[in-house]
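This is the structure, below, for whatever I ask next.
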Protein chains: 2
Amino acid sequence: MSTYKEKKVITIGIVSELTGLSERRIRYYEERKLIFPDRSKGGTRKYSFTDIEKLMNIANHMEDGLQTYEIRKIQEKEEKEVRDQMIRGQLNAHFNMRK
Amino acid sequence: MSTYKEKKVITIGIVSELTGLSERRIRYYEERKLIFPDRSKGGTRKYSFTDIEKLMNIANHMEDGLQTYEIRKIQEKEEKEVRDQMIRGQLNAHFNMRK
DNA sequence: CGTGTAAGGAATTCTGACACG
DNA sequence: CGTGTAAGGAATTCTGACACG
């Protein structure tokens, strides 16, 4: 939550440099619901390092010829797996408490 | 080195929001050699999360009535301590290798 | 569908200076 | 010494559209 990696503080120009993607492509992936930057009061987009990692991932999938909506489905599946893992963790913790 | 916390990617407006310091003060502390942001091609300053932590530290010292050059001396002393620690670590590693 | 580009405007940042104290 | 502010300009970002395919 409050870790550096998740903080939305990076401007699109720097994201473009870091990822090698054009600003156009970065904005387009937002339009396709693949990333969700914050906005400043003035409307400037702000990204996190996690967003940058997601973008690299997206770029790889695009190279493989996938379409944006397919990538979105992959993302959703991965997020579901994470949620399942967390539930399993909770259950384990519960049973461990009971010894 | 290549950790998120050290990467200079944050713009001064966001640093100002995160620290609560005015842009004027942030630029002034650079002038007094207390922080060292990178620059974009165009000349825009770029800060790291580490810089933000330093700025909070500086702000605290200023509240205590210290002057910028005193804060700089404190910084230098702290950096020296870190270096000494690293040397001790190296020596320990060396002797441990010899058992 | 995914991405480049030119267009016009708005938000952001920069520097050097004056002010106060 | 440390910081606010108005000033003018430059760099950065934004949106909507046209283009190609």
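Proteins come first, then strands; the chains are lettered A, B, ... in the order of their sequence lines, and each starts at number 1. From a predicted model like this one, the values you see are computed outputs, not experimental measurements.
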Study note, to complete from the structure: Output field dot_bracket for DNA chain C (Watson-Crick or G-U, both distances under 3.5 Å, | for other-strand pairs) contains .||||.||.|.|.||.||||.
Exercise for review: Only counting residues at least two apart or in another chain, list the ones meeting side chain to side chain donor-acceptor pair (under 3.5 Å) with A:Lys8.
Suggested key: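 In terms of side chain to side chain donor-acceptor pair (under 3.5 Å), with neighbours along the sequence ignored, A:Lys8 is linked to A:Asp51.
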Exercise for review: Using side chain to side chain donor-acceptor pair (under 3.5 Å) as the criterion, list what pairs up with A:Thr19, not counting sequence neighbours.
Suggested key: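 Per chain and number, A:Thr19 pairs via side chain to side chain donor-acceptor pair (under 3.5 Å) with no residue.
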Practice item. Using a 4.5 Å cut-off on heavy atoms from C-beta on, say whether the side chain of B:Leu34 contacts that of B:Arg72. Key: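 Sidechains of B:Leu34 and B:Arg72: in contact.
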Point to revise | Under the side chain to side chain donor-acceptor pair (under 3.5 Å) test, residues paired with B:Asn57 that sit two or more places apart | key: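 Expected list: B:His61.
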Exercise for review: Please state how far atom CG in B:Leu34 lies from atom P in D:dT3, giving the value in whole angstrom units.
Suggested key: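 After rounding, the reported distance stands at 10 Å.
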Atom pairs, protein N/O to nucleotides 5-8 of chain C N/O, distance under 3.5 Å:
unit_1 : atom_1 : unit_2  : atom_2 : d
C:dT5  : O4     : A:Arg24 : NE     : 3.3

Review point. Which pairs, with at least one residue in residues 23-57 of chain A and sequence neighbours excluded, count as a ring-ring contact (aromatic ring centres under 6.0 Å, His included)?
Key: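 Sorted result for residues 23-57 of chain A: A:Phe49-B:Tyr4.
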**Study point:** For atom CD of B:Glu30 and atom C1' of D:dG2, their distance in whole Å
**Key:**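 So the two atoms are 16 Å apart, to the nearest Å.
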Review point. In chain order, what residues pass the salt bridge (Lys or Arg N to Asp or Glu O under 4.0 Å) check against A:Glu70, with sequence neighbours excluded?
Key: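 Partners of A:Glu70 under the salt bridge (Lys or Arg N to Asp or Glu O under 4.0 Å) test: none.
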**Study point:** Integer-rounded Å distance: D:dC14 C1' and A:Lys41 NZ
**Key:**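 In whole Å, D:dC14 C1' lies 16 Å from A:Lys41 NZ.
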Point to revise | For the student: nearest non-hydrogen atoms of B:Leu21 and B:Ala59, plus distance | key: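 Reported closest heavy-atom pair: CD2-CB, 3.9 Å.
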Point to revise | Those residues that, when tested against B:Lys5, pass salt bridge (Lys or Arg N to Asp or Glu O under 4.0 Å) (two or more places apart) | key: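 Applying salt bridge (Lys or Arg N to Asp or Glu O under 4.0 Å) to B:Lys5 gives B:Glu53.
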Practice item. Can you tell me the distance, in whole Å, between the CD1 atom of A:Ile26 and the P atom of D:dT15? Key: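 Between P of D:dT15 and CD1 of A:Ile26: 14 Å.
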Point to revise | Whole-Å gap separating P (D:dG2) and CD (B:Glu31) | key: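 Nearest whole value for this atom pair: 10 Å.
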Exercise for review: Could you check which residues of residues 43-73 of chain B get a heavy atom under 4.0 Å from DNA chain C? Sort them by number, please.
Suggested key: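 DNA chain C contact set from residues 43-73 of chain B: B:Gly43, B:Thr44, B:Arg45.
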Check your understanding: Separation of A:Glu23 atom CD from C:dG4 atom P, in whole Å?
Key ->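 Going from A:Glu23 (CD) to C:dG4 (P), I get 11 Å.
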Check your understanding: In the single-linkage hydrophobic clustering (I, L, V, M, F, W, Y; side-chain heavy atoms under 4.5 Å), do B:Tyr69 and B:Ile58 co-cluster?
Key ->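 B:Tyr69 and B:Ile58: separate clusters.
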Practice item. Would you mind reading off the distance between B:Ile12 atom CD1 and C:dT15 atom C1', rounded to a whole angstrom? Key: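 It is 12 Å, rounded to the nearest whole Å.
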Review point. Which pairs with one or both residues in residues 12-37 of chain A pass salt bridge (charged side-chain N to carboxylate O under 4.0 Å, His left out), sequence neighbours excluded?
Key: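 Every pair satisfying salt bridge (charged side-chain N to carboxylate O under 4.0 Å, His left out) with a residue in residues 12-37 of chain A: A:Glu17-B:Lys41, A:Glu23-A:Arg27, A:Glu30-A:Arg39, A:Glu30-A:Arg45.
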**Study point:** B:Tyr28 or B:Gly42, whichever maps to the more 5' nucleotide of DNA chain D
**Key:**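 Between the two, 5'-proximity favours B:Tyr28.
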Review point. Side-chain N or O of B:Tyr29 less than 4.0 angstrom from OP1 or OP2 on D:dG2?
Key: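 Checking D:dG2 against B:Tyr29, no side-chain N or O comes under 4.0 Å of OP1 or OP2.
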Practice item. Measure from CZ on B:Arg25 to P on D:dG4 and round the result to the nearest Å. Key: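 Atom-to-atom, B:Arg25 to D:dG4, this comes out as 6 Å.
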Would you tabulate the side-chain donor-acceptor contacts of residues 80-91 of chain B under 3.5 Å, counting partners in other chains and residues two or more places apart, or write 'none'?
none

Exercise for review: Kindly point out which of D:dT12, C:dT12, D:dC14 is positioned nearest to the side chain of A:Arg27?
Suggested key: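 Taking heavy atoms from C-beta onward, the closest nucleotide is D:dC14.
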